[in-house]
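Structure record follows, encoded as structure tokens.
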2 protein chains.
Amino acid sequence: MPANRSALVSDLRCFNRFYTGLIGLLDETLTHSAYTLIEARVLFELARRPGHIASSPGKAGFLARVFQIDFGPAASNIAGELQLDPAYITRILRKFSAAGLIEARAGRDASHRRVLSLTMRGHAALAALQDAADRDLTRLTAGLDDEEAAELSDILVRARHLLSGAPASERRERA
Amino acid sequence: MPANRSALVSDLRCFNRFYTGLIGLLDETLTHSAYTLIEARVLFELARRPGHIASSPGKAGFLARVFQIDFGPAASNIAGELQLDPAYITRILRKFSAAGLIEARAGRDASHRRVLSLTMRGHAALAALQDAADRDLTRLTAGLDDEEAAELSDILVRARHLLSGAPASERRERA
DNA sequence: GCGCAAAAGTTGACCAAGTCAACCATTTAT
DNA sequence: ATAAATGGTTGACTTGGTCAACTTTTGCGC
């Protein structure tokens with residue numbers, strides 16, 4: 001039986017408060033951009049799935065798998081990954097469409113499945129967002145010397161592994 | 001000049017995504033309670049400031065300091081600490097009042113300064129929230145052996161220090 | 001004392017984020 | 001053929017949170 005986990009829990013609470021504040025600061029940059037945090041995530045998710053063979057079962061899925069048609073994520077994929085309401089997704093995607101960031105074409109095999117892809121503008125918008133975020137992170141760690149930077153890198157990776165080694169019910173693969 | 005910080009930035013982004021998800025999971029517990037995250041924070045902040053000598057200048061402040069009257073935080077203190085809109089605070093406090101979690105009495109020295117304090121019910125409510133949160137954290141780290149737990153504790157503290165050693169503009173004391 | 005600026009708080013209007021339930025179109029299964 | 005599931009859309013609604021205007025109290029210069 002584990003001993004005094006209360007120390008760890010306390011440290012976790014403390015870190016939580018700290019990191020929540022930090023995330024808040026970092027998010028401000030995004031907030032000041034034209035897009036919401038969620039919208040940024042959707043954009044990111046769209047870019048992260050450049051191609052994706054239709055996974056639906058049956059003949060259509062079979063054809064999709066064999067001939068590798070119907071690439072790209074659909075709204076439902078994004079909704080699933082980000083745990084968002086379909087209605088919400090619809091609105092976000094409409095906004096993106098209106099802004100010319102994405103294109104939606106009907107899937108060849110399933111016409112009611114709208115396959116999404118980023119346009120040039122979409123990629124550019126995402127790149128701008130990521131640049132801004134990276135700049136923030138760089139600034140945040142500017143005060144560290146090389147050794148500390150390396151240590152922090154190690155620490156972050158290690159913390160992630162320790163924390164995701166938790167009970168299976170809590171585990172969610174990310175990155 | 002610092003070398004390839006891009007590795008660190010990448011690790012940070014990764015950790016950010018991971019931890020955001022984790023926080024989301026942990027927050028769910030609170031979300032399912034009767035209170036908002038923000039409300040919980042306000043409650044916490046109220047408890048964290050059991051007494052606090054009025055810091056306003058002038059005769060009133062002087063008397064407050066000498067005779068230690070007018071204890072407890074006011075709405076503005078909470079608003080300042082948590083960076084919340086006064087209007088928002090008002091509504092939250094009214095909700096708390098209605099639920100019998102807090103009492104507000106006019107400050108002896110400044111009658112328009114409403115001095116707040118948790119009632120028994122308020123303390124109980126906070127305790128319940130914290131218990132739930134602690135249970136989540138305990139469950140989250142249940143899979144770790146003692147050695148790993150100790151390591152994680154160290155790591156969290158160290159990470160906090162490394163990250164808050166950033167440029168002064170980013171620094172915000174917490175805990 | 002008077003007048004005025006600042007602080008503390010309240011109110012009402014408002015907005016954006018997010019949820020819910022109903023609904024249509026398409027597709028798969030029986 | 002028909003039922004059921006999937007993918008998506010719409011409209012109404014709730015909620016978290018902001019903004020601006022206003023009141024009251026206090027502090028300060030005169």
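Just so we're on the same page: letters track the sequence lines, and every chain starts at 1.
- C:dG9 atom P lies 14 Å from atom CG of B:Leu84, rounded to whole Å.
- Rounded to whole Å, the distance from OH on A:Tyr35 to C1' on C:dA16 is 17 Å.
- Residue A:Arg113 contributes atom CZ, which lies 24 Å from atom P of C:dC24 at whole-angstrom precision.
- Straight-line distance from the CG atom of B:Asp85 to the P atom of D:dG16: 15 Å, rounded to whole Å.
- Residues meeting the side chain to side chain donor-acceptor pair (under 3.5 Å) test with B:Tyr19, sequence neighbours left out: A:Asn16.
- Residue B:Ile38 is in sugar-phosphate contact alone, with no base atom involved, counting any heavy-atom pair closer than 4.0 Å across all strands shown.
- Checked by atom type and distance alone, the side chain of A:Ser153 never pairs as donor or acceptor with a backbone atom of A:Ala150 at under 3.5 Å.
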Using distance only, find each side-chain donor-acceptor pair of residues 84-100 of chain B under 3.5 Å and give its atom names and separation, not counting sequence neighbours.
from, atom 1, to, atom 2, distance (Å)
B:Asp85, OD1, B:Ala87, N, 2.7
B:Thr90, OG1, B:Pro86, O, 3.1
B:Lys95, NZ, B:Glu39, OE1, 3.1
B:Lys95, NZ, B:Glu39, OE2, 3.1

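- If you take CG of A:Asp27 and C1' of C:dA17, they are 15 Å apart, rounded to a whole angstrom.
- Of the residues in residues 87-94 of chain B, those placing a heavy atom less than 4.0 Å from an atom of DNA chain C are B:Ala87, B:Thr90, B:Arg91, B:Arg94, in numerical order.
- Separating the CD atom of A:Gln83 from the P atom of C:dA17 is a distance of 20 Å, rounded to the nearest angstrom.
- Taking 4.0 angstrom as the limit, A:Thr36 places a side-chain polar atom (N or O) nearer than this to OP1 or OP2 of C:dA17.
- Of all nucleotides listed (C:dA25, C:dT19, D:dG16), C:dA25 comes nearest to the side chain of A:His112.
- Note on B:Glu45 versus B:Arg41: no salt bridge recorded, every NZ/NE/NH1/NH2 to OD/OE distance being 4.0 Å or above.
- Screening residues 150-159 of chain B for salt bridge (charged side-chain N to carboxylate O under 4.0 Å, His left out), with sequence neighbours left out, gives A:Glu151-B:Arg158, A:Arg158-B:Glu151.
- Remark: A:Arg114 engages no residue in a salt bridge (Lys or Arg N to Asp or Glu O under 4.0 Å) (not counting sequence neighbours).
- B:Leu82 places its CG atom 16 Å from the P atom of D:dG16, with the value rounded to the nearest Å.
- Per the geometry, NZ belonging to A:Lys95 stands 17 Å off P belonging to D:dT9, to the nearest Å.
- Taking the side chain to side chain donor-acceptor pair (under 3.5 Å) definition, one finds that A:Thr29 meets it with A:Asp136, sequence neighbours left out.
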